[in-house]
Every structure is written in structure tokens, then in C-alpha cells.
Amino acid sequence: MDVLVVTAVPAERDAVTRACGDGFDVLAGGVGPAAAAAATARALAAGAYGLVVSAGIGGGFPGRAPLGAVVVADAIVAADLGAETPDGYLPVTALGFGTVEHLPPADLVRLTGEAAGAVTGTVLTVSTVTGTAARAAELAARHPRAAVEAMEGFGAAEAAALFGLPVLEIRAVSNAVGPRDRDAWRIGEALAALSDAFGKIAPVLEGWTPHD
Ligand SMILES: O=C(O)c1cccc(C(=O)CC[C@H]2O[C@@H](n3cnc4c(=O)[nH]cnc43)[C@H](O)[C@@H]2O)c1
């Protein structure tokens with residue numbers, strides 16, 4: 001299986017490459033869903049791949065994914081792609097547009113989750129890092145299965161879907177979703193956990209074949 005791994009920043013790319021060597025193509029496509037979509041689409045147009053993996057650090061929802069935990073997404077959801085109304089938030093699908101969710105292959109989620117000892121759950125894609133308890137509570141209420149929020153998965157997934165390819169998202173938790181406390185972020189530990197997880201799941205990804 002030829003695998004394209006898309007991270008946001010070079011530190012994440014290097015954490016994956018440390019574990020996988022030359023086995024996969026790993027790129028740092030930039031922060032945010034638009035950058036991830038553009039970088040993924042460019043790479044997919046230039047090469048022959050069978051699987052796209054969005055990977056990096058992320059914020060864990062308290063009670064679902066503690067610092068240092070690894071999360072494999074069983075759903076990749078755009079959490080702020082919609083409209084605010086006086087009656088609350090509406091996803092774009094409620095407005096008659098597009099999609100807000102991509103589902104990775106269930107067998108691949110199970111196999112990689114088991115290999116890495118990961119939590120499985122919804123990974124939210126946001127364009128703005130959550131910084132208040134109120135916003136964290138709002139997202140958790142709207143997405144009860146949310147384990148992590150990050151900023152790129154949905155963009156990579158949109159590009160993968162455009163090319164008819166399956167997608168997976170793997171996150172290592174660097175901080176808790178909630179009131180902003182930059183000093184409490186544990187980026188080094190999360191990058192080490194990401195690297196460790198890729199060391200364990202690389203053989204799974206290499207051996208996996210899609211089926212209908
Ligand atoms: O300062 C650094 O060294 C550094 C390294 C990596 C990422 C950052 C960021 O500022 C965060 C944006 C980046 O990380 C993901 N991320 C991590 N935690 C969260 C979160 O709580 N909510 C949303 N995104 C998060 C995100 O995917 C971005 O790629 C700084």
C-alpha cells in the first residue's frame with residue numbers, strides 16, 4: 001500500500017518519518033484545513049497512492065483523551081463549517097451543501113487502533129483552536145463522541161475523497177481542549193507518542209488492502 005501521510009508542521013513530519021523511515025511519503029502541508037486540502041491534493045495529483053493519513057498533535061477532550069494519548073479517528077468531522085443562527089449552529093449539510101463528515105475504513109480503524117493502543121472516536125477539524133470552557137462544552141455537546149480537535153483532518157479527507165481514496169486520521173494529544181493555557185501544552189511528549197504510534201501501525205498500513 002502506497003501511503004501519503006500529511007502533517008501540518010515539520011516537527012510532526014519528522015516525528016512520523018523517525019518511525020517509518022522511507023516507507024511512506026510524509027509531508028508538512030501547513031496549518032489548517034485549507035492548507036491541508038491543497039497540499040494533499042497536490043501530492044495526490046503527482047503520485048500514485050492508496051491511502052491518505054492525516055497525522056499530528058491535537059487537543060484532547062477531557063474524559064476522552066488525556067495528554068499523551070493517541071487517537072485514531074473513526075469519524076473526521078468539520079466542526080465549524082456551517083452557519084450560526086438565532087436558534088443555534090447549523091452545519092453546511094443543513095443548508096443543502098457538501099459534507100461535514102468523512103468515515104475512515106472501519107477495519108483499518110480497528111487494526112491501527114489495536115496496534116497503537118489508541119482511543120478511537122470522532123476527531124473534529126476546527127479553523128480556530130478552542131480557547132474557552134464554553135466553546136469546549138459547546139463542541140462536546142454537539143459531538144458527544146469527540147475525542148480530539150485538530151485543524152487539518154477534514155481538509156486532507158476532502159482531497160482524498162476527490163481522488164477516490166480512503167483516509168485515516170491519527171492524533172497524539174498535546175493539550176486539553178478548553179481554556180487557553182499555552183504553558184500546559186506538552187508538544188514534545190505528544191510528538192514522541194505520535195512517533196511511537198507510527199512505529200506500531202506502519203506494518204498495519206503497509207499490509208492493509210481496501211475492500212468494498
Ligand atoms: O509551538 C509549537 O512548537 C507548535 C507545534 C505544533 C503545533 C502548534 C500549534 O500552535 C497548534 C496548531 C497545530 O496543532 C494542532 N493542534 C494541537 N492542539 C490543538 C487544539 O487544541 N485545537 C486545535 N488544533 C490543535 C493543529 O492541528 C495544528 O496543526 C505549535
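In what follows, residues are counted from 1 in the order of the sequence shown. Everything numeric here is computed off the predicted structure, so don't read it as measured data. As the structure lists them, so they are numbered: ligands from 1, and atoms in each ligand from 1.
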Name the option, out of Arg180, Glu149, Glu152, that contains the heavy atom nearest to atom 28 (C) of ligand 1.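 Among Arg180, Glu149, Glu152, the closest heavy atom to atom 28 (C) of ligand 1 belongs to Glu152.
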
When you measure from atom 6 (C) of ligand 1 to each heavy atom in Ile57, Thr128, Leu191, Val173, which option holds the nearest one?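 Considering heavy atoms of Ile57, Thr128, Leu191, Val173, the nearest to atom 6 (C) of ligand 1 sits in Ile57.
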
Which of the ligand 1 atoms, numbered from 1, are nearer than 4.0 Å to a heavy atom of [X]:
X      : value
Arg171 : 27 (O)
Ala150 : 23 (C), 24 (N), 27 (O)
Ile187 : 1 (O), 2 (C), 3 (O), 4 (C), 5 (C), 30 (C)
Ser174 : 17 (C), 18 (N)
Gly59  : 18 (N), 19 (C), 20 (C), 21 (O)

Check each of Asp196, Val53, Ile170 against Ile201 using the side-chain contact (heavy atoms from CB on, under 4.5 Å) test, and report the only one that passes.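 It is Ile170; the other options fail the test.
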
Starting from atom 30 (C) of ligand 1, find the nearest protein heavy-atom neighbour and note its residue, name and distance.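 The protein heavy atom lying closest is Arg182 NH2, 3.3 Å.
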
Checking a contact table here: which protein heavy atom is nearest atom 17 (C) of ligand 1, and how many Å away?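 The answer is Gly58 CA, 3.5 Å.
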
Polar atom proximity, [X] to ligand 1 (N or O, under 3.5 Å):
X      : result
Asn175 : yes
Met151 : yes
Trp185 : no

Side chains of Asp80 and Tyr89 only: does a donor on one sit below 3.5 Å from an acceptor on the other?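 Side-chain D/A pair, Asp80 to Tyr89: absent.
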
More than 12 heavy atoms of other groups within 6.0 Å of [X] [atom1]:
X     : atom1 : answer
Asp22 : CG    : no
Arg42 : CZ    : no
Phe97 : CZ    : no

Any side-chain heavy-atom pair of Asp107 and Trp208 under 4.5 Å: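 Contact flag for Asp107/Trp208 side chains = yes.
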
Check Arg110 with Asp74, please: is the shortest side-chain N to carboxylate O separation under 4.0 Å?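 The answer is no: the pair does not qualify as a salt bridge.
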
Tell me, with the steps shown, if Glu149 and Thr130 meet side-chain hydrogen bond (donor to acceptor under 3.5 Å, both in side chains). CA-CA 8 Å; Glu149 71 163 37; Thr130 295; 2.6 Å; yes

Under 4.0 Å, heavy-atom basis, I'd like to know which part of Ala8 is in contact with ligand 1: side chain, backbone, both or neither.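 For Ala8, the contact with ligand 1 is made by the side chain alone.
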
So, for Val70 and Ala193, which heavy atoms are closest and what is the spacing to 0.1 Å?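 Scanning both residues, the minimum pair turns out to be CG2-O, 3.8 Å.
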
Does some non-hydrogen atom of Gly56 fall short of 4.0 Å from ligand 1?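 Contact absent.
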
